[in-house]
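In what follows, every chain begins at residue 1, and chains take the letters A, B, ... in the order their sequences are listed.
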Amino acid sequence: MTLILALETSCDDTCAAVVSADGELRSNVISSQGVHDAFGGVVPEIASRHHLELANAVVDDALRRADATLDDVGLVAVTQGPGLVGALLVGVATAKAIAAARGLPLAPVDHLQGHIAANFLRIGADSGAGGIMAPPFVCLLASGGHTLLARVEQYDGFSVLGRTLDDAAGEAFDKGARLLGLPFPGGPALERLARDGDPHAFAFPIARNLDGLDFSFAGVKTSLLYRVRDLGPQDAAAHAADLAASFQHAIVEALALRCEQALEQTGLRRLAIGGGVAANGPLRTRLEQLAVTVGIPPRELCTDNAAMIASAARFVDAQPFPAYLSLDAYASGERALA
Amino acid sequence: MIVLGFDTATPATAVALLDDTHPAAAAELRHEPAAGERPGHASQLLALAAQLLATTGLRFTDVDRLAVGLGPGTFTGLRIGVATARALAQSTSAELVGVSTLHALALPAESAAERAGADFGVLAVIDARRGEAFAAGWRGGRAVLEQVALAPAKLARRVAEEGGSWLAVGDGALRFRDDLERAGCTIPTDGSEQHAVSARAVCRLALEAPQGTARDLVVPDYLRPPDAVLASPPKKPSS
Ligand SMILES: [Zn+2]
């Protein structure tokens, strides 16, 4: 039995997973640190300290849940970047040492390629050989860290169709939630509050007139800030649900609109979505109304996880021992491989 | 017993391999970043370790004890060292032993003092940035100044209070030479080997431990809390 063991530590979740050589998900362990909320955002130094304390135990847990040991592992994979460099380095050092100790090859994986490769995972007996979705398709990645539209023609790369020019979609959700007095992380709380509100009560800008397929969420955030200020504390509280619903509507529309345009431009009829924002209910509903095939991985494969890194590793040129001993992490930049 | 030891608490990456049947023959490989260059911990540590093992025909699985410097020192460097040590231990049957980087820094000078029958203490000082020093002191084989993070003037006062003569070593001793010399410390010349953390010393200290430590208990000695400010509670629109 040859398994892929993967680690992902690019932000504040310490993740390890085991995937079979043909892409079947065997285990997916995500240790959410949950210590950053009081700081109103992820504190890199705290995230790095926790990764170090959790990484080995999370690997043990992933192996145990896969009913495997390191003897069954034939390839180690790890997120090389982009992300918080101090956090990434804990995963890279851990993965390199595990691979080196056992003389195994190592596959360095790009985090965004990982999100796309979540779609290639086979989950349980009822999933087809191709996984959740096989290329070619358009993929929307939207999370607190990235907002990206990608054209995926092959298993080992993608081309960027559009990206955010300012805030990421998840960041916009968090900032909007903060303006409405909701605690960090605000996305899910804002979605809950919006359930009782009217999405058409307030008109927030959707950045329709932006060229190409890029996104911008700075305008909608500023617009919410002014609206809350104009209403004053009492009225803003009274209309909190309407504000949340209208704000969410604007973000969902901006994302959906670009997906529609991307599908039209590429002539592709299949759309996959990933990233934490893919868990947003109204976004899912809106995209499922498009007249195309929509693939949405389960929530735990949309947010940051190591299973997606293992999945991407199947299509990466793995480095044999000892070629990867000097491998370093990279903090920024997209590696559009196609 | 084969001991593989390393330290990444200072900008240097130091790796040593020690066989306890010939402890004096321990081999060491180091990487020192050039002036203005970033530390090479991420790219150098495992490569140097593999190189050192290869020269003796050994593999990672032949190591009986892994020794790692726990700091204090640069946070990212410490994590690369400790993560590497923990993961090597996880993937082999090697025991894991964490040692104080300051103690490893002091050890060669301490041994020399002992051999010479000198009665000076050894103060190990690492530049902690932001105008502070990480320091600890030993005299006659006993720790007499516990690990601290202090401004150099305060450290000098502590040393003066402690009394006796002191030899101060480490990049912090060079950085804060004036303060420490005023407090009566003797400091070797700038180029002296005594200012570098020796991975051989890390191995030797680890050899003294009766047994390994549970993996998940081996964590860096940061000596400083992370820089993080609690967010002000979000303002409710109603308040
Ligand atoms: Zn992500």
Side-chain angles (χ1 to χ4, degrees), chain A residues 36-41 43-49 51-57 59-60 70 85-86 89-104 177-184 186 228 231-240 243 321-322 324-329, chain B residues 4 8 31 38 40-51 53-54 59-63 66 74-94 96 214-220 222 224-239:
Chain A
H36 303 279
D37 299 2
F39 300 98
V43 182
E45 177 57 26
I46 293 180
S48 302
R49 290 187 180 192
H51 284 311
L52 179 64
E53 284 167 26
L54 296 168
N56 309 99
V59 166
D60 283 344
L70 278 174
V85 74
L89 280 169
V90 175
V92 169
T94 303
K96 275 165 47 175
I98 291 174
R102 324 246 344 157
L104 293 172
R178 197 167 163 75
L179 288 171
L180 294 172
L182 302 168
F184 179 88
V228 167
L231 285 170
Q234 225 123 46
D235 279 356
H239 293 286
L243 287 164
F321 177 84
Y324 52 81
L325 295 180
S326 302
L327 190 84
D328 207 339
Chain B
L4 176 68
T8 49
H31 171 265
R38 287 192 314 135
H41 305 131
S43 57
Q44 297 290 331
L45 176 57
L46 210 48
L48 291 178
Q51 193 185 329
L53 287 166
R59 293 187 300 183
F60 283 106
T61 41
D62 297 318
V63 174
L66 286 155
T74 64
F75 295 166
T76 299
L78 287 178
R79 275 191 289 272
I80 291 168
V82 173
T84 301
R86 283 172 57 142
L88 286 174
Q90 177 169 35
S91 324
T92 64
S93 52
L96 186 56
R215 180 194 71 205
D216 291 346
L217 298 180
V218 176
V219 290
Y222 295 108
R224 253 191 202 153
D227 285 324
V229 184
L230 279 172
S232 50
K235 294 184 202 81
K236 297 258 183 242
S238 55
S239 65

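Although no hydrogens or angles enter the test, the distance criterion places no donor-acceptor pair under 3.5 Å between the side chain of B:Arg79 and the main chain of A:Gly86.
Residues B:Arg86 and A:Glu53 are not paired through a salt bridge, judged by the lack of any N-O separation under 4.0 Å between the basic side chain and the carboxylate.
Between chain B and the residues A:Val85, A:Asp60, A:Leu327, A:Asn56, the largest count of heavy-atom pairs under 4.5 Å involves A:Asn56. For chain A, the option among B:Leu48, B:Thr84, B:Thr92 with the highest count of heavy-atom pairs below 4.5 Å is B:Thr84. For the set B:Arg215, B:His41, B:Gln44, the count of heavy-atom pairs under 4.5 angstrom toward chain A peaks at B:Arg215. Per-residue heavy-atom pair counts under 4.5 Å with chain A were compared for B:Ala87, B:Ala49, B:Ser91, and the maximum is reached by B:Ser91. Most heavy-atom pairs under 4.5 Å with chain B: of the set A:Leu54, A:Thr94, A:Val92, this distinction falls to A:Thr94. Of the listed residues B:Val218, B:Ile80, B:Thr76, the one with more heavy-atom pairs under 4.5 angstrom with chain A than any other is B:Ile80.
Proximity to chain A is limited to the side chain of B:Val219, based on heavy atoms less than 4.5 angstrom apart. Using a 4.5 Å cut-off between heavy atoms, A:Ala100 contacts chain B through both its backbone and its side chain.
Considering all non-hydrogen atoms of both residues, A:Ala57 and B:Asp216 come closest at CB-OD2, 4.1 Å. Closest non-hydrogen pair, B:Ala42 versus A:Lys96, comes out as O-NZ, 2.8 Å.
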